[in-house]
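See below for the structure under consideration.
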Amino acid sequence: MRADVERVLDELIRPLVEADGGDVALQSLDASRAPVEITLLVGGAYRGCPGTPVVVDELIAPVLERALGFEVRVRVVPRLEPG
């Protein structure tokens, strides 16, 4: 399952996020319950941006759900970036 999530991030989500100045990476996933909980590290323009929750709810989560075929709950945590 982790490989599938990574593939969707690489092929569908990361290009859109990078075009907007952001960065996203998979930190963890918990498939022990439904919906599957996916935790993403966000950086670049998405780190600390007040609009990031909207991007997650309206773009990232729906793309993941369509591509993976199951319901997900996406959490984001800021990526620690150098200085």
Side-chain angles (χ1 to χ4, degrees):
M1 178 179 299
R2 185 177 184 94
D4 293 331
V5 173
E6 290 279 8
R7 179 187 50 79
V8 174
L9 287 174
D10 288 343
E11 295 175 6
L12 301 176
I13 294 172
R14 192 167 290 115
L16 298 171
V17 169
E18 287 176 349
D20 198 31
D23 185 34
V24 65
L26 180 62
Q27 180 182 39
S28 64
L29 67 88
D30 180 358
S32 66
R33 59 180 166 247
V36 173
E37 186 168 296
I38 297 172
T39 303
L40 301 175
L41 293 167
V42 294
Y46 284 28
R47 185 174 177 258
C49 175
T52 298
V54 174
V55 172
V56 169
D57 291 344
E58 294 183 9
L59 173 77
I60 295 175
V63 168
L64 282 165
E65 288 179 343
R66 280 193 303 275
L68 297 170
F70 51 81
E71 187 179 357
V72 300
R73 175 178 297 133
V74 179
R75 285 185 349 117
V76 294
V77 293
R79 172 181 280 166
L80 296 178
E81 297 178 296

Partner set under side chain to side chain donor-acceptor pair (under 3.5 Å) for [X], not counting sequence neighbours:
X: Arg66; result: none
X: Asp30; result: Ser32, Arg33
X: Asp10; result: Arg14
X: Arg75; result: Thr39

d(Ile60 CD1, Leu12 CG) to nearest 0.5 Å is 11.5 Å
Straight-line distance of Gln27 CD to Leu40 CG, nearest 0.5 Å
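It comes to 9.0 Å.
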Nearest atoms (heavy-atom pairs only) where [X] meets [Y]:
X: Ala45; Y: Asp20; answer: CB-O, 3.8 Å
X: Thr52; Y: Tyr46; answer: OG1-O, 2.9 Å
X: Ser28; Y: Arg2; answer: CA-NH1, 4.0 Å
X: Val56; Y: Pro62; answer: O-CD, 3.9 Å

When clusters are formed from ILVMFWY side-chain contacts under 4.5 Å, directly or step by step, what else is grouped with Leu41?
Val77
With distance as the sole test, does Arg79 use its side chain to make a donor-acceptor pair with the main-chain N or O of Arg47 at under 3.5 Å?
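Judged by distance alone, no pair lies under 3.5 Å.
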Test of understanding: with salt bridge (Lys or Arg N to Asp or Glu O under 4.0 Å), list the residues that count as partners of Glu11, not counting sequence neighbours.
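Expected list: Arg7.
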Going through the distances and angles, do Val36 and Arg73 end up as a side-chain contact (heavy atoms from CB on, under 4.5 Å)?
CA-CA 6 Å; Val36 173; Arg73 175 178 297 133; over 6 Å; no
Among Val17, Ile38, Asp4, Leu26, find the one that has a side chain to side chain contact (heavy atoms under 4.5 Å, CB included) with Leu9.
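Single pass found, and it is Leu26.
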